[in-house]
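Keep in mind it's a predicted model, so treat the numbers as computed, not measured.
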Amino acid sequence: MAVFNVKNVCDSTRTKLKETTAKMELFLNQHSLSQLNVENDPAMDEFYRGYLQDTRHLLVFCEVAYEKLGVSLRRPTFNVDFSEKVLYEVYHTCVNTFFYPKNECYSEDGRYAYTGQDAIRFRKKPSREVRDLTIELSKVFEELREDLAYYETDYITQRRMQGEKV
C-alpha cells in the first residue's frame with residue numbers, strides 16, 4: 001500500500017476507534033450488572049456478566065490500538081511497516097473481538113448483512129441499552145472490517161512472500 005493511503009487508513013481507523021471507545025466507556029460507566037438484570041434472573045445474570053466482560057476486553061483492545069495509531073501518526077517520519085502492523089492488530093484484535101465475542105452473548109448472522117436489517121442476533125433478549133450499544137458498535141466495526149479487509153489475510157501473505165516474519 002502507498003504511504004499516503006496507509007496514513008489515511010490509520011487516521012480514519014483511529015477516529016473510528018475513538019468513537020467506539022467513547023461509547024463503550026460511557027455505557028460501562030453508567031451500567032452495572034444489577035442495573036441491567038432488574039428481574040434478578042440467573043440466566044440473564046450470566047448473559048450480562050459475559051456481555052460486560054466482553055465489552056471491557058474490547059474497550060481495552062480498542063484503547064491500546066488507538067494509542068498505537070496515535071504513535072504511528074505522530075512520528076516525524078511516517079513508518080509504513082509499523083503502521084501496517086498496527087492496522088493488522090486492529091483487524092485481528094478489535095474487529096474480530098467484536099464480531100466473535102468470547103462469551104457469545106451475540107453473533108453476526110450473515111444472512112441479514114446485506115438486507116439493511118441488523119445482522120446482530122442476541123442469545124437472550126437484552127435490555128434496550130445493551131441492544132442499542134451493540135447495534136451502534138456493529139455499524140462502526142463493520143466499516144472497520146471493510147476498511148481493513150486487506151489486513152485479514154493479504155497482508156500476511158504479502159509479508160510471507162517477502163520472507164518476513166510476522
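Because its NZ or CZ atom is not both nearer than 6.0 Å to the ring centre of Tyr106 and within 45° of the ring axis, Arg123 does not count as a cation-pi partner of that residue. Both the sub-6.0 Å distance and the 45° axial angle are satisfied by Arg75 relative to the ring of Phe82.
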>> With side chain to side chain contact (heavy atoms under 4.5 Å, CB included) as the criterion, how do Phe47 and Phe122 come out once you've worked through the C-alpha distance, each side chain's angles and the decisive distance to 0.1 Å?
In response: CA-CA 10 Å; Phe47 173 84; Phe122 291 91; 4.1 Å; yes
>> For Cys94 and Leu144: C-alpha separation, side-chain torsions, deciding distance, then whether side chain to side chain contact (heavy atoms under 4.5 Å, CB included) applies.
In response: CA-CA 9 Å; Cys94 302; Leu144 282 170; 5.8 Å; no
>> Apply side chain to side chain contact (heavy atoms under 4.5 Å, CB included) to residues Cys62 and Phe141 and explain how you reach the verdict.
In response: CA-CA 11 Å; Cys62 289; Phe141 280 106; 3.7 Å; yes
> Going through the distances and angles, do Leu137 and Thr55 end up as a side chain to side chain contact (heavy atoms under 4.5 Å, CB included)?
Replying inline: CA-CA 11 Å; Leu137 293 177; Thr55 304; 5.5 Å; no
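Residues Glu146 and Glu143 are not in side-chain contact: their nearest non-hydrogen atoms beyond the backbone lie 4.5 Å or more apart. Two residues are said to be in side-chain contact when any heavy atoms from C-beta on lie closer than 4.5 Å; Asp54 and Thr97 fail this criterion. Side-chain contact between Phe78 and Val6: present, with at least one pair of heavy atoms (C-beta onward) separated by less than 4.5 Å.
Residues that satisfy the salt bridge (charged side-chain N to carboxylate O under 4.0 Å, His left out) test with Asp45, not counting sequence neighbours, are Arg49.
Hydrophobic clustering keeps Val60 apart from Phe99 (ILVMFWY residues linked when any side-chain heavy atoms are closer than 4.5 Å, directly or through intermediates). No single ILVMFWY cluster, assembled from side-chain heavy atoms under 4.5 Å apart, contains both Val140 and Val64. If you chain together hydrophobic residues whose side chains sit under 4.5 Å apart, Val80 and Leu73 fall into the same group. Under the 4.5 Å side-chain contact rule for hydrophobic residues, Val86 and Val71 share a cluster. In the hydrophobic clustering of ILVMFWY residues, with side-chain heavy atoms under 4.5 Å counting as a link, Val95 and Tyr66 come out together.
Using modelled atom types and a 3.5 Å distance limit, the side chains of Tyr51 and Thr134 yield a donor-acceptor pair.
Judged by distance alone, the side chain of Asn37 and the main-chain N or O of Asp41 form a donor-acceptor pair under 3.5 Å. In this structure a side-chain-to-backbone donor-acceptor pair under 3.5 Å is missing from Thr13 to Cys10. Formation of a donor-acceptor pair under 3.5 Å by the His31 side chain with backbone atoms of Phe27 is found in this model. Within the 3.5 Å criterion, the main-chain N or O of Glu25 finds a donor-acceptor partner in the side chain of Asn29. Judged purely by atom type and a 3.5 angstrom limit, Ser72 has no side-chain atom pairing as donor or acceptor with the backbone of Lys68.
For the side-chain contact (heavy atoms from CB on, under 4.5 Å) with Leu52, the qualifying choice from Val130, Leu36, Asn103 is Leu36, the only one to do so.
Taking CE of Met44 as the start and CD of Glu39 as the end, the distance is 8.0 Å to the nearest 0.5 Å. In this structure, NE2 in His92 is found 11.0 Å from OH in Tyr151, a value given to the nearest 0.5 Å. The line from CD of Glu142 to CG of Asp147 is 11.0 Å long, rounded to the nearest 0.5 Å. Note: Thr93 OG1 to Leu58 CG = 9.0 Å, rounded to the nearest 0.5 Å. Atom-to-atom distance recorded for Ile135:CD1 and Lys139:NZ is 6.0 Å, nearest 0.5 angstrom. A distance of 7.0 Å separates CD in Glu84 from CG in Leu87, rounded to the nearest 0.5 Å.
A salt bridge between Glu89 and Lys85 is absent, with no side-chain N of the basic residue lying under 4.0 Å from a carboxylate O of the acidic one. A salt bridge links Glu108 with Arg145: the distance from a Lys NZ or Arg NE/NH1/NH2 to an Asp or Glu carboxylate oxygen falls below 4.0 Å.
When all heavy atoms of Leu33 and Tyr48 are compared, the pair lying nearest together is CD1-CB, 3.5 Å.
Annotation: Lys23, atom NZ; neighbour count of heavy atoms from other residues, nucleotides and ligands within 6.0 Å is above 12.
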